[in-house]
Amino acid sequence: MLINLKENCRRGVAAVLISAFMVTGCVTTGGTSNANLSPAEQKLREQNSQMTSNVATGAALGALAGGLLALVSGNRKNAIGYAAAGAVMGGASGYYVTKRQQQYASEEQRLDSMIADAQTSNAQAKEMADTARAVIKEDMSRIDQIEKELASGKITQQTATQRLALVDDNAKLLESNIAALKKQHEQYQVASQELAKRDDVSPQTLSSYNVEVARIQDQIAMMEEELDVLMDRRGGMQGLG
């Protein structure tokens with residue numbers, strides 16, 4: 001019986017691990033390898049790789065926790081379902097708050113850490129917004145050049161479509177980065193709501209935290225606005241791509 005118990009446990013853990021990878025596989029995105037990428041485009045891809053990795057890690061840990069909970073509770077058949085639910089939690093708000101509670105014994109240390117996290121994320125968001133602005137500026141110039149060369153007959157529609165593919169790749173990466181920042185911002189918003197409920201959190205501390213969270217949202221809004229301008233310009237190249 002002991003052997004059977006160990007075997008069932010081993011199979012169960014294996015199933016949970018597989019489930020964790022299954023439910024988080026859609027989070028990661030591939031990059032475009034191109035020696036002719038500008039420094040800004042290379043930076044964009046580095047940032048995207050880091051952001052998608054962070055989101056996937058949180059979701060995977062949440063999936064693993066959810067699946068193990070199903071096994072412990074004896075509900076092995078629903079391990080995948082629990083893992084999926086855990087992935088949503090891990091990639092969103094609950095995982096962040098719980099993680100900070102586990103890492104710091106004192107409330108003061110936890111609050112200081114959360115404010116520092118928001119400051120770091122705000123700086124990261126600003127850097128990503130700067131990169132986005134540089135890439136979009138390059139892509140707008142690229143579209144103008146392609147349009148001129150196409151109108152003068154210097155290039156064919158096929159060549160124009162091929163060159164516009166890089167613009168489309170950049171746009172997809174920008175969309176992915178914005179989505180990842182939104183997930184991150186959601187974590188901080190929920191954390192703010194939790195802090196507001198506590199009597200031991202001063203208004204000054206909560207205000208300092210919310211200022212940093214608001215700045216992240218400002219960076220996201222700017223990125224979305226500039227990406228919309230690029231997509232409108234790209235949409236003007238009718239019949240290409």
Side-chain angles (χ1 to χ4, degrees), residues 20 23-24 26-29 44 46-69 82-133 173-228:
V23 298
T24 59
C26 60
V27 178
T28 59
T29 58
L44 171 64
E46 292 171 4
Q47 291 170 340
N48 180 259
S49 178
Q50 181 63 47
M51 290 299 291
T52 52
S53 175
N54 290 344
V55 172
T57 298
L61 290 174
L64 183 58
L68 289 175
L69 176 62
Y82 275 79
V88 173
M89 181 196 75
S93 58
Y95 174 73
Y96 172 71
V97 178
T98 301
K99 179 181 177 183
R100 284 295 172 262
Q101 287 175 335
Q102 292 172 345
Q103 285 181 324
Y104 298 96
S106 74
E107 187 67 19
E108 183 178 358
Q109 287 179 328
R110 183 166 73 93
L111 292 175
D112 288 343
S113 173
M114 291 172 69
I115 293 174
D117 285 344
Q119 290 173 337
T120 299
S121 294
N122 180 35
Q124 182 185 45
K126 183 180 185 306
E127 183 180 14
M128 292 175 69
D130 291 341
T131 300
R133 193 173 296 109
L173 290 169
L174 289 168
E175 289 174 347
S176 176
N177 283 357
I178 291 171
L181 282 174
K182 284 183 174 181
K183 284 183 179 292
Q184 196 176 69
H185 182 256
E186 179 186 351
Q187 292 178 348
Y188 294 132
Q189 281 186 313
V190 172
S192 175
Q193 294 169 4
E194 292 297 321
L195 292 176
K197 297 176 184 177
R198 301 184 64 93
D199 296 332
D200 54 353
V201 178
S202 70
Q204 293 82 3
T205 299
L206 183 60
S207 177
S208 297
Y209 184 79
N210 287 337
V211 166
E212 296 298 332
V213 175
R215 287 173 179 168
I216 296 173
Q217 176 57 41
D218 290 342
Q219 299 297 340
I220 293 172
M222 284 190 290
M223 290 176 68
E224 287 185 312
E225 182 177 349
E226 294 188 15
L227 180 58
D228 285 343

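Numbering of residues begins at 1 and proceeds along the displayed sequence.
- The line from CG of Asn210 to CD1 of Ile115 is 9.5 Å long, rounded to the nearest 0.5 Å.
- Considering Gln219, Lys182, Glu175 as possible partners of Glu224, the one that fulfils the side-chain contact (heavy atoms from CB on, under 4.5 Å) test is Lys182.
- Going from atom CD of Gln47 over to atom OG of Ser176 covers 11.5 Å, rounded to the nearest 0.5 Å.
- Put simply, the side chain of Met51 reaches to within 4.5 Å of the side chain of Gln124, judged on heavy atoms.
- No side-chain heavy atom of Gln217 sits under 4.5 Å from any side-chain heavy atom of Gln189.
- Taking the charged nitrogens against the carboxylate oxygens, Arg215 and Asp218 have no contact shorter than 4.0 Å, which rules out a salt bridge.
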Between Lys197 and Glu194, is the salt bridge (Lys or Arg N to Asp or Glu O under 4.0 Å) condition met? List the steps. CA-CA 5 Å; Lys197 297 176 184 177; Glu194 292 297 321; 3.7 Å; yes

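- Smallest separation of non-hydrogen atoms from Ile216 and Ala118: CD1-O, 3.9 Å.
- In terms of heavy atoms, Thr131 sits closest to Leu44 at CG2-N, 3.7 Å.
- A donor-acceptor contact shorter than 3.5 Å is absent between the side chain of Ser192 and the backbone of Tyr188.
- Side chain of Thr52 to backbone of Asn48: a donor-acceptor contact under 3.5 angstrom is found.
- A side chain to side chain donor-acceptor pair (under 3.5 Å) with Asn122 holds for exactly one of His185, Glu212, Glu127; it is Glu212.
- Within the model, atoms OG of Ser202 and CG of Leu195 stand 10.0 Å from one another, a figure rounded to the nearest 0.5 Å.
- The CE atom of Met128 lies 4.0 Å from the CG atom of Leu181; values are rounded to the nearest 0.5 Å.
- In plain terms, the two heavy atoms of Ala132 and Met223 that are nearest each other are CB-CE, 4.1 Å.
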